[in-house]
Amino acid sequence: MDQYCVFGNPIEQSRSPFIHQEFAKQTQQAIIYHKQYVELDSFPQAVKHFMSIGGKGANVTVPFKEQALQLCDQLSVAAKQASAVNTLTFIDGKILGDNTDGLGLVQDLFRNELTLRGRCILLLGAGGAAKGVLLPLLNESPTAIVIANRTVSKAEQLCHQFNDERLYACGFNEIPQQSYDLIINATSASLSGKYPVISPQLIQTNTVCYDMVYSKQLTPFLQWAKANGSVTVIDGLGMLVAQAAASFNIWRQCLPQTTTVIDKLKKSLVEEN
Ligand code: ATR
């Protein structure tokens, strides 16, 4: 049976084995997928070892996505633009690197019936997560993407790197007061129970608020967004499943359906604890 895994540290919380086993069942493919804890200084060795025992591919999660980039013999455009790799494919002893995070976000926005063409987007954060989604978002032809970050210079750096006239960088307290169709939280603030502090006036009833992370309850950012009038709030569970589906497609040339898997994951989150 073809073997896959996800490398990370920590890794205990990873839902990827469940998601990929669900995809395998759905598409009637026989694969093994496990999660693998990797010591912080052992990522290259872990990958080489997995290749040597016949692994076909792997997902990469925090904190190894940038290291994974260095290991690859060949990179997709998405991986190059994101400067990070979340999907490794092993072919004839070579490592191919891709990044499906951005595609996962866009697919999940589509699943939620959001179109991005002609829309105005506010992207909060300018770290790895924000960088990884910029190109796929730009490819959907929004009118503008305002990148706001606590450290303004990082947002400016992103604008400079992507060099697209639809991008604008600013700090949280200088966000242009205009009508945003979509606000995406790509900061890691939720992980410490916080949310980026922006003016509540940036939210209108038709402003969709999206958090790239998920949790059992609404994330702090989505709680804040809802309390300030956003009718549609969406967390990152769908993005997680969609990026996994895109990885599965790279490995197996077969794109699984995500909705039933998202529903199962939601149910299991509620049942936990
Ligand atoms: P990731 O790969 O998750 O994006 P990262 O590259 O370390 O992680 O980036 C974290 C992002 O979350 C940054 O944009 C960071 O802002 P700074 O660049 O100013 O550090 C943002 N962030 C983290 N905690 C935050 C908080 N409490 N409020 C606002 N932004 C926060």
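When a ligand or atom number is given, it counts from 1 through the structure's own listing order.
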Q) Distance below 4.0 Å between atom 14 (O) of ligand 1 and any protein heavy atom? A) yes
Q.
Please list, in number order, the atoms of ligand 1 under 4.0 Å from a heavy atom of Gly125.
A. 14 (O)
Q. By number and element, which atoms of ligand 1 are closer than 4.0 Å to a non-hydrogen atom of Ala129?
A. 1 (P), 2 (O), 4 (O)
Q) If we only count N/O pairs under 3.5 Å, is Pro196 in contact with ligand 1? A) no
Q) Quick one: does Thr151 get an N or O within less than 3.5 Å of an N or O on ligand 1? A) yes
Q.
Tell me whether Phe172 has any N or O atom under 3.5 angstrom from an N or O of ligand 1.
A. no
Q | Side chain proximity check, Lys35 to Glu12, heavy atoms < 4.5 angstrom | A | yes
**Q.** Backbone or side-chain N or O of Arg150 under 3.5 Å from ligand 1 N or O
**A.** yes
Q) Below 3.5 angstrom, do we get any N/O pair linking Lys194 and ligand 1? A) no
Q) Do side-chain atoms of Trp251 reach the backbone of Leu88 as a donor and acceptor pair under 3.5 angstrom? A) yes
**Q.** Charged N-O contact under 4.0 Å between Asp92 and Lys94
**A.** no
Q) At under 4.0 Å between heavy atoms, which part of Thr187 makes contact with ligand 1: side chain, backbone, both or neither? A) both
Q) Do Thr87 and Asp98 get their side chains close enough for a donor-acceptor pair, meaning under 3.5 Å? A) no
(Q) Quick check: Gly128 and ligand 1, any N/O pair under 3.5 Å apart? (A) yes
